[in-house]
Chemist: 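My questions all concern the structure below.
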Amino acid sequence: SATFTPGVSDVYIRFVTNLLDDDEDLQIYFDELNIYQGPPPTCINPTNIVMTAVTSNSATINWTAPSVLPNNGYIYEVRTDTNPGIPGAALIASGATGAGVTFANVSTLSANTQYNVYVRANCGAGDLSGWSNVSAFRTLCLPFTAPYTENFDSYSAGAFPTCWLRPILYSGYPSIVASNSSSTPNSLRFQSLTTAPTYAITPAFSQNIETLRVKFNLKREGTSSGQIEVGLMSDPSDLSTFVLIQSINPTDNNTHEYVIPFNGSTITGANRYVAFKHVSASSSWYYWLDDVVVELLPSCPDMTGVVV
């Protein structure tokens, strides 16, 4: 936030960005611009509302304290609308924290539901800050039971499949495109910075992950596409939980089917996630993923290498 004293004539506010990288695919986004006229507030709202430890029914709200710390802590709301401070059915959870406490745990949320979070400072004696900018998040889906199939064909181009997660985005990817598909019309396209892999993470599965395998079709654009790493995760919001199962670096640009079993993984137990990680050699080259199937390991192994 910033404060200034305007002159007697019209006032214009300009936002200027400086290009620090030669990559033309880099963008800057901003939202929730608020301009207030009057004396500067004495109680400043917190900023940088971030959700962590998101599950199907709970989450932790985190925020950054203002430059002037409030004496009486903070007030928070979790809502299904965008009207903070208004009672009613849209207010799902609310509460207060003590002075110096910049997080709050909320529970009893519904699975696969979009929520909006607001936080304000309480400086005491009725002096409250304005509400923070909204921070939206979605709770995770309940675990699926394999067999599970996703061919991306029921979505519009530019969308992302329900119950999947993409913790890192680059130029809007990974997302669904109507090209390079095995099943018509869609596939999931990856594009990444060379310094920041992107991920597409499936829902969790209720069975012991060691009893499952994943099958899928994959196509690269070219050698600069890099590779796709297939792994497992115990927490999709914590990239450090990614455990590599197999790296895929095709020798051609054709579509190939891959079958990867999860028996013998160091991640065991139920409620695990399958993750596709794009490690790119160039930020303008792609991969396409299609026809993902997570299923039980067969009691009799598949035949391979059949030639007529």
Side-chain angles (χ1 to χ4, degrees), residues 1-6 11-18 26-55 58-110 112-124 126-140 158 160 165-172 175 196 236-238:
S1 62
T3 60
F4 61 92
T5 302
V11 175
Y12 300 87
I13 300 174
R14 183 175 68 169
F15 297 89
V16 178
T17 63
N18 295 313
L26 296 178
Q27 296 92 27
I28 295 176
Y29 305 90
F30 70 93
D31 197 1
E32 303 290 341
L33 174 64
N34 298 300
I35 301 174
Y36 301 96
Q37 182 178 356
T42 57
C43 193
I44 310 300
N45 61 273
T47 57
N48 300 324
I49 315 301
V50 176
M51 307 304 297
T52 58
V54 178
T55 72
S58 65
T60 298
I61 310 170
N62 307 268
W63 59 88
T64 299
S67 55
V68 179
L69 299 179
N71 293 329
N72 287 25
Y74 303 89
I75 299 168
Y76 63 87
E77 290 188 354
V78 179
R79 313 183 60 92
T80 54
D81 66 6
T82 56
N83 300 308
I86 305 299
L91 178 59
I92 305 303
S94 63
T97 70
V101 179
T102 57
F103 70 92
N105 298 314
V106 292
S107 58
T108 67
L109 305 178
S110 298
N112 191 29
T113 302
Q114 182 88 4
Y115 293 103
N116 298 313
V117 177
Y118 299 88
V119 185
R120 72 192 314 182
N122 182 359
C123 296
D127 188 11
L128 302 174
S129 77
W131 290 100
S132 66
N133 289 339
V134 64
S135 178
F137 76 102
R138 179 175 290 275
T139 48
L140 301 183
F160 193 70
L165 298 157
R166 46 180 179 176
I168 296 177
L169 281 172
Y170 177 66
S171 291
S175 61
S237 65
D238 183 355

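These figures come from a predicted structure and were not determined experimentally.
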Chemist: For I44 versus P66, what's the shortest heavy-atom pair and its separation?
Modeler: O-CG, 3.3 Å
Chemist: Would you compute the distance between atom OH of Y118 and atom CD1 of I61 and round it to the nearest 0.5 angstrom?
Modeler: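 Separation between the atoms: 12.5 Å.
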Chemist: When you compare the side chain of N122 with that of P70, does any pair of heavy atoms fall below 4.5 Å?
Modeler: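 No, their side chains stay 4.5 Å or more apart.
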Chemist: Could you tell me whether a side-chain N or O of R138 sits under 3.5 Å from a main-chain N or O of N112, the two making a donor and an acceptor?
Modeler: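 At least one qualifying donor-acceptor pair exists.
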Chemist: I need the full list of side-chain hydrogen bond (donor to acceptor under 3.5 Å, both in side chains) pairs touching residues 63-77, with sequence neighbours left out, sorted by first then second residue.
Modeler: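 Every pair satisfying side-chain hydrogen bond (donor to acceptor under 3.5 Å, both in side chains) with a residue in residues 63-77: N48-T64, E77-R79.
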Chemist: Yes or no on side chain to side chain donor-acceptor pair (under 3.5 Å) for T60 and N105, after CA distance, side-chain angles and deciding distance?
Modeler: CA-CA 4 Å; T60 298; N105 298 314; 2.7 Å; yes
Chemist: Kindly say whether D81 contributes a backbone atom to a donor-acceptor pair with the side chain of N116 at under 3.5 angstrom?
Modeler: yes
Chemist: Is it the case that the side chain of S135 and the backbone of I49 share a donor-acceptor pair, with hydrogens and angles ignored and the cut-off at 3.5 Å?
Modeler: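 Checking the backbone N and O of I49 against the side chain of S135, a donor-acceptor pair under 3.5 Å is found.
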Chemist: Please answer whether the main-chain N or O of V119 pairs with a side-chain N or O of S132 as donor and acceptor at a distance below 3.5 Å.
Modeler: yes
Chemist: Is the side chain of T97 donor-acceptor paired with the backbone N or O of G73 at a distance under 3.5 Å, no angle test?
Modeler: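 Checking the backbone N and O of G73 against the side chain of T97, no donor-acceptor pair under 3.5 Å is found.
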Chemist: Would you find a donor on one side and an acceptor on the other, under 3.5 Å apart, between the side chain of S58 and the backbone of T55?
Modeler: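 Here the side-chain-to-backbone pair does not exist.
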Chemist: List the atom of A59, the atom of V54, and the distance in Å for their closest heavy-atom pair.
Modeler: CB-CG2, 4.0 Å
Chemist: Where the side chain of R120 meets the backbone of S129, is there a donor-acceptor pair that is under 3.5 Å apart?
Modeler: yes
Chemist: Distance from T102 atom OG1 to L69 atom CG, nearest 0.5 Å?
Modeler: 10.0 Å
Chemist: So, using side chain to side chain donor-acceptor pair (under 3.5 Å) as the criterion, who are the partners of N62 when residues are at least two apart?
Modeler: T52
Chemist: Look up atom CG in L165 and atom CZ in F160, then write down how far apart they are to the nearest 0.5 Å.
Modeler: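 Atom-to-atom, L165:CG and F160:CZ are 7.0 Å apart.
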Chemist: Any non-hydrogen side-chain atom of Q114 less than 4.5 Å from a side-chain atom of T80?
Modeler: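 They are not in side-chain contact.
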Chemist: Could you pull out all residues at least two apart from S237 that satisfy side chain to side chain donor-acceptor pair (under 3.5 Å)?
Modeler: D235
Chemist: If every non-hydrogen atom of Y115 is compared with every non-hydrogen atom of I92, which pair is closest and at what distance?
Modeler: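 Heavy atoms only, the tightest pair is CE2-CG1, 3.8 Å.
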